[in-house]
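Only this structure's heavy atoms are used, side chains among them; waters, hydrogens and symmetry mates stay out. Since this is a predicted model, take the numbers as computed values, not measurements. Per chain, numbering begins at 1; letters A, B, ... match sequence-line order.
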There are 2 protein chains.
Amino acid sequence: MQHIPGDAAPTEDITMSRIQLRNRGRILDAALEVFSKHGFRGATLDQIADEAGLSKPNILYYFEGKEDIHVTLLDQLMDRWLAPLREVDPEGDPLEELMRYVHRKLEMSQEFPRESRLFANEILQGAPRIGPHLKRDLHPLVERTAALIQRWIDAGALAPVDPRHLIFSIWATTQHYADFEAQVGVLMDSTEVHSGARAHLDALFRRMLTP
Amino acid sequence: MQHIPGDAAPTEDITMSRIQLRNRGRILDAALEVFSKHGFRGATLDQIADEAGLSKPNILYYFEGKEDIHVTLLDQLMDRWLAPLREVDPEGDPLEELMRYVHRKLEMSQEFPRESRLFANEILQGAPRIGPHLKRDLHPLVERTAALIQRWIDAGALAPVDPRHLIFSIWATTQHYADFEAQVGVLMDSTEVHSGARAHLDALFRRMLTP
DNA sequence: ATGCTTTTTTACCAATTGGTAAAGATACGA
DNA sequence: TCGTATCTTTACCAATTGGTAAAAAAGCAT
């Protein structure tokens with residue numbers, strides 16, 4: 001009688017049946033596919049329903065609406081996306097910690113290109129739905145990391161760099177391989193992209209950061 | 001009697017009246033605004049008409065349809081976008097030529113953020129309309145430039161880099177400031193973005209490329 | 001002014017969109 | 001196996017979408 005799925009669940013899932021778990025999963029995966037390809041406004045519920053193998057009304061049984069699906073997707077994404085930055089260890093070797101971050105970001109771009117594109121789409125369109133999220137979660141995390149990098153620089157463990165711009169450059173170069181895949185694919189044989197990118201970005205940032 | 005504007009003009013404008021020139025300009029500018037914000041599928045003719053200060057049917061008097069506007073915009077853009085790469089001078093000083101390219105790309109990202117986002121949107125969505133254009137125009141240009149860079153490296157004038165990945169990194173880092181402006185704006189005071197980016201990218205690529 | 005062309009508006013479509021109501025089918029515990 | 005709660009389908013909407021037909025209004029050369 002309760003009909004949890006779509007209803008604005010205040011505390012979110014108290015319990016979810018196996019069917020609910022499976023279908024919500026299918027829907028979110030289908031939505032990731034469609035949203036990452038066409039952006040929020042360009043995606044349609046029909047496309048998502050088709051991709052998920054469910055009827056449109058059935059999808060609206062599990063989610064309150066198109067926006068609900070999109071927001072759920074972005075929320076889930078944020079955690080996974082910020083994790084590598086959180087794992088930068090203040091106690092580790094500065095250069096190796098940052099290089100590990102570069103490599104993890106590149107691997108994520110290669111392993112989760114749809115997620116990268118979903119995020120890119122949202123930011124491109126002015127971050128209308130994820131904006132507050134960025135301010136609340138991303139901003140303090142970047143501040144903390146920038147301060148850490150600055151301390152490392154002051155200690156002489158890294159070459160002097162603007163920490164925030166460095167972070168931007170890492171994001172830009174790694175995500176480029178996912179977000180601009182259609183362009184990269186035209187210009188390079190896709191077999192050599194992976195290893196080539198790894199070696200190149202390693203050299204680029206190692207040279208930049210070695211004192 | 002001829003009604004040139006929207007009609008599939010084979011050789012394009014033979015002559016265009018002042019009104020045609022003005023209104024086509026207005027429409028393309030409005031369309032750039034809307035397409036760059038919402039992508040092709042997310043943009044509507046009504047929005048474009050509104051932004052242009054013209055009625056929807058009037059817009060369809062000047063262009064064959066939504067797609068025609070989009071393609072026209074992308075065609076115009078490609079020339080401007082590829083110009084800096086074309087201007088890399090094989091006779092100039094290798095390092096300074098590439099640094100000049102970096103700075104020009106960054107300036108374009110700052111001066112024409114809408115164009116950058118229009119392009120990013122198109123690529124993100126798999127380059128459905130500009131794909132052939134990329135293969136025909138961009139690919140040979142990149143090949144040529146990559147070969148030039150390789151020659152410079154072989155001559156010992158540049159540090160050894162994968163030329164294509166270097167080009168990707170330049171594109172990624174410079175366009176990031178336009179395409180991800182919504183994110184950059186959350187993380188940095190917008191007054192320091194411009195000069196900071198310039199100094200940072202100069203250091204990044206100079207360090208990377210200096211033999 | 002006149003007659004012609006170019007431009008703009010008004011009044012429409014047919015298709016697609018996100019979303020709903022309610023009946024029907026299915027699972028599942030007692 | 002029965003009853004209840006969960007899940008799914010069918011049959012719809014109202015709003016928006018890209019686009020058209022045709023009349024009305026400007027321009028403009030003579």
Chemist: In terms of the angle between their ring planes, are Phe40(B) and Phe35(B) parallel, tilted or perpendicular, with boundaries placed at 30° and 60°?
Modeler: parallel
Chemist: Which parts of nucleotides 8-20 of chain C does protein reach within less than 4.0 Å, heavy atoms only, written one letter per nucleotide 5' to 3' as B for base, S for sugar-phosphate only and - for none?
Modeler: BBBB-----SBBB
Chemist: Less than 4.0 Å between a side-chain N and a carboxylate O, is that true for Arg104(A) and Glu111(A)?
Modeler: no
Chemist: Calculate the interatomic distance between Gln20(A) atom CD and dC28(C) atom C1'; express it in whole Å.
Modeler: 14 Å
Chemist: Is it true that Arg100(B) and Glu97(B) have a side-chain N and a carboxylate O under 4.0 angstrom from each other?
Modeler: yes
Chemist: When you measure from the side chain of Gln183(B) to the backbone N and O of Phe180(B), does any donor-acceptor pair fall under 3.5 Å?
Modeler: no
Chemist: Check this for me: does any side-chain nitrogen of one of Arg164(A) and Glu143(A) sit under 4.0 Å from a carboxylate oxygen of the other?
Modeler: yes
